[in-house]
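To start, the structure itself, in structure tokens.
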Amino acid sequence: MNPASLIPTADALTAHWGWFQFLLMLTFPLHLLAMNAMLGTALTAFICHLRPERPYQDLSHELAKALPFLVAFTINLGVAPLLFVNVLYGHLLYTSTVLMGLFWLAVIPILIIAYYLAYAYDFSFKKMGYSAMYAVLIVLLLLMSVGFIFSNNMTMMISPASWPRWFATPGGTLLNLADPTLLIRYLHMMTGSLAVGGLCVAFYSSTVLKHNIAVAEAGKTLGMQLFTWLTALQVLLGTWFLMTLPTAVMKRFMGNDMLATGLLMAGIFLAVATLMLGFQRKVIATLWLTIPLVYVMSFMRDSVRTGYLAPYFDMTKVPANMQWSPLIFFLVVLVMGIVVVVWMLSKLRYIKKVS
Ligand code: HEM
């Protein structure tokens, strides 16, 4: 069967594709940054439970207070890219979502349980005693399983050749496990996330928690250790991931596409620079370079998607019927939303200072 015959026709766009692509590439790395902070916080809190020293115990309690906020930010910052990716790739994403429907729907109960447990970990930290360690470990594993479901969907939507499996297995139980890139892609995502998450913990410890010197130092040490060692590992995993890509896609980064090649160069440069700063424990400078690094990696991931879909779909050819009013309305609401979030965060900082 020709997989191209299974791809539904793309709907016409309500604005030039560049708008949606711009908004997708603006918002998706924000989701990633929040997700990284969330996973890194959960992992660091878990490691703290394994250390008997007082500052590590106190640090895990501080991180427990931050975790529910980070879960909320990750989920909410996922909504915007979900909308834009649906607008641009809806005909592909809806199809792969149906193929793995059971797992996709499972994301909601998994998140509810993880969120509930994250709150229990925060509010009942002292009461839980030793079992708090298991609570945060379960939160971490549940959240990472959500990432695995996303990786499956994101790889299946760009591989229509895997779709005919549905005729033999129509129950919505398909995953993309036979794809040789899936596991290494997921490993690359999770290692990078936990590394950046460690950096976020170091930043949080050396700014918000700085009044308690021992706790701040414990957070900075643990966070920067996670960041540097996992980033070093990431250099190997990233190279491995590149090598597993289909040749045509890999060659985009080897000179066949100047933009993709430039992104790879920029990514390598930023990774080495962040590593050097990280080993010197320069938290703020490392963070300033890591944010563009996450953006560069997101653009590279998007280039991989374009490469995979080249035989099937070109978003620049989708017809657009320009409708200004929804776009303007969206942009106004977006700016208002950002103002409200910044205001809420400033209030939170104030509450923390007073308490
Ligand atoms: C809270 C747990 C979550 C984790 C750990 C997580 C993690 C991830 C990871 C690892 C990816 C990249 C997958 C890949 O390309 O291989 C991803 C992509 C994505 N996530 Fe999340 N996610 C979470 C929740 C959500 C939620 C609740 C939403 C939506 C409301 C969401 C929206 C998205 C979207 C739209 C993408 C793909 C964007 C694109 O392809 O351009 N995520 N997520």
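As the structure lists them, so they are numbered: ligands from 1, and atoms in each ligand from 1. The figures that follow rest on heavy atoms only: side chains count, while hydrogens, waters and symmetry mates do not.
- Residue contacts with ligand 1 for L24 involve side-chain atoms from C-beta outward but no N, CA, C or O (heavy atoms, distance under 4.0 Å).
- Counting the atoms of ligand 1 from 1 in the order shown, those under 4.0 Å from a heavy atom of V79 are 29 (C), 30 (C).
- When only non-hydrogen protein atoms are considered, atom 18 (C) of ligand 1 lies nearest to F28 CE1, 3.5 Å.
- In this structure, OG1 on T95 lies 8.0 Å from CD1 on I7, to the nearest 0.5 angstrom.
- From the protein, the heavy atom lying nearest to atom 12 (C) of ligand 1 is M189 CE, 3.6 Å.
- Relative orientation of the Y119 and Y115 rings is tilted, given thresholds of 30° and 60° on the angle between their planes.
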| Derivation of the side chain to side chain contact (heavy atoms under 4.5 Å, CB included) call for Y89 and Y94 | CA-CA 8 Å; Y89 299 102; Y94 283 142; over 6 Å; no

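- Remark: of the listed residues L26, L32, L30, L32 is the sole one forming a side chain to side chain contact (heavy atoms under 4.5 Å, CB included) with S298.
- Ranking protein heavy atoms by distance to atom 13 (C) of ligand 1, first place goes to S151 OG, 3.5 Å.
- For atom 21 (Fe) of ligand 1, the count of nearby protein N, O or S atoms, meaning those under 2.8 Å away, is 1.
- The M190 neighbourhood of ligand 1 comprises atoms 10 (C), with distances under 4.0 Å to a heavy atom of that residue.
- Applying the side chain to side chain contact (heavy atoms under 4.5 Å, CB included) test to L237 and every residue at least two apart in sequence or in another chain returns I184, L187, H188, T191, L233, Q234, W240.
- Within the structure, ligand 1 lacks M144 among the residues with a heavy atom less than 4.0 angstrom away.
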All N/O donor-acceptor pairs, side-chain side in residues 324-334, below 3.5 Å, sequence neighbours left out:
none

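- Ring geometry for F84 versus F20: interplanar angle of 30 to 60°, hence tilted.
- Under the side chain to side chain contact (heavy atoms under 4.5 Å, CB included) criterion, P3 pairs with P160, A161, Y312, not counting sequence neighbours.
- Using a 4.0 Å heavy-atom cutoff, M25 is absent from the residues neighbouring ligand 1.
- Here the side chain of N153 pairs no donor or acceptor atom with the backbone of I149 at under 3.5 angstrom.
- In this structure, F22 has its ring center no closer than 6.0 Å to that of W17.
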request  = Show your reasoning for whether side chain to side chain donor-acceptor pair (under 3.5 Å) applies to T155 and R185.
outcome  = CA-CA 9 Å; T155 50; R185 175 178 175 142; over 6 Å; no

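- In terms of protein heavy atoms, atom 41 (O) of ligand 1 is closest to R305 NH2, 3.0 Å.
- Contacts of L111 with ligand 1, taken as heavy-atom pairs under 4.0 Å, involve the side chain alone.
- Looking at atom 5 (C) of ligand 1, its nearest protein heavy atom turns out to be L143 O, 3.2 Å.
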